[in-house]
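Keep in mind that what you see is a predicted model, and the values were worked out from it rather than measured. Residue numbers start at 1 and run along the sequence shown.
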Amino acid sequence: MTAGTSLIHGTVTPTQRTATAEHELAALQREHGGPLFTLLLRLCDGDRQRAEDLVQETLVRAWQHPEALHADDFDSVRPWLLTVARRLAIDARRARLARPPETGDEIPETARVAADHAERAAAMLDVREAVKTLTPEHRDVLVLVYFLGASVAEAAQTLGVPPGTVKSRAFYALRALRRVLPGYAADLH
């Protein structure tokens, strides 16, 4: 669309202005959409969706600045549109590079794998059953030290035995659990 094809001459009602603007924008799209898309596709490294989005954004800018479409300074609005499109592509690239890269649905190799609640519940049941197989002396030490978080001295005072006895009972209790729970041996160290 050239500056001379503008339909804004004389008095125009708001309804006519809107219809004219829509008509001019459609003509602008037909006349300049292809070259805009070609330029933007090259600037977007072949990303068709991004190029299409930037063509639309360029046309929105043209709609927001009708004075550029009707300027008598140049024969065609194409240079103005191409400049706007180029600047939008540069801004989009800068914005994309300023953000950290997005990750898809793939799980990074360094990510910790969270245990499933069902697996954890099953493991708790296995451990409870295994603890039941221990002697009462070993079970009491494990419950105090490992499950309730008591220190060796506190467990010794509670059980009325020397701290060395608490340590040895804990050692033998863990060894017995390793035999009963071979799949959990790494967790019992």
Side-chain angles (χ1 to χ4, degrees), residues 1-128 146-147 149 181-189:
M1 169 175 288
T2 61
T5 60
S6 172
L7 299 175
I8 302 179
H9 295 292
T11 59
V12 179
T13 65
T15 305
Q16 290 172 325
R17 189 175 298 125
T18 303
T20 302
E22 289 175 11
H23 172 72
E24 286 179 343
L25 228 64
L28 201 66
Q29 166 67 28
R30 282 190 303 275
E31 190 173 339
H32 303 288
L36 280 171
F37 180 73
T38 302
L39 170 72
L40 289 167
L41 188 61
R42 190 169 37 99
L43 293 175
C44 293
D45 300 323
D47 187 342
R48 294 182 67 80
Q49 176 135 13
R50 187 172 293 132
E52 289 171 1
D53 289 344
L54 290 173
V55 167
Q56 294 302 315
E57 181 64 27
T58 302
L59 294 174
V60 166
R61 297 289 172 93
W63 176 71
Q64 291 172 338
H65 299 283
E67 69 277 1
L69 300 178
H70 306 294
D72 293 328
D73 297 344
F74 42 84
D75 294 332
S76 174
V77 295
R78 186 172 290 177
W80 183 84
L81 288 170
L82 293 174
T83 300
V84 170
R86 182 178 161 278
R87 289 181 180 162
L88 288 172
I90 290 169
D91 290 346
R93 181 180 297 256
R94 284 180 182 157
R96 198 172 59 256
L97 293 175
R99 289 191 310 255
E102 296 178 7
T103 59
D105 292 334
E106 64 273 353
I107 298 173
E109 293 179 23
T110 58
R112 288 185 58 201
V113 177
D116 185 12
H117 293 292
E119 289 178 21
R120 183 177 174 150
M124 287 175 52
L125 289 175
D126 290 345
V127 170
R128 283 185 183 170
Y146 289 99
F147 297 122
L181 299 168
Y184 300 98
D187 297 334
L188 295 174
H189 292 287

query: Which atom pair, heavy atoms only, marks the closest approach of W80 to R61?
result: CH2-O, 3.9 Å

- prompt: In Å, rounded to the nearest 0.5 Å, how long is the span from CG of L181 to CG of D126?
  reply: 6.5 Å

- request: Check F147 against V127 and note the closest heavy-atom contact, atom names and distance.
  value: CZ-CG1, 4.2 Å

task: Identify the two heavy atoms, one from A62 and one from L28, that lie closest to each other, and give their separation to 0.1 Å.
output: CB-CD2, 3.7 Å

- line: So the side-chain hydrogen bond (donor to acceptor under 3.5 Å, both in side chains) pairs with at least one residue in residues 36-45 (sequence neighbours excluded) are D45-R93

- prompt: Under 6.0 Å from the CD atom of Q64, do we count more than 12 heavy atoms belonging to anything else shown?
  reply: yes

message: Take a 6.0 Å sphere around CZ of R87 and say whether it holds more than 12 heavy atoms from other residues, nucleotides or ligands.
response: no

Inter-residue atom distance D91.CG - R86.CZ, 0.5 Å rounding: 10.5 Å

- request: Measure the shortest side-chain to side-chain distance between L40 and R50 over non-hydrogen atoms and say whether it is less than 4.5 angstrom.
  value: no

Within-4.5 Å side-chain heavy-atom neighbours: L54 and L43: no

task: Identify the heavy atoms of Q29 and Q56 that sit nearest to each other, and give their distance.
output: OE1-NE2, 4.3 Å

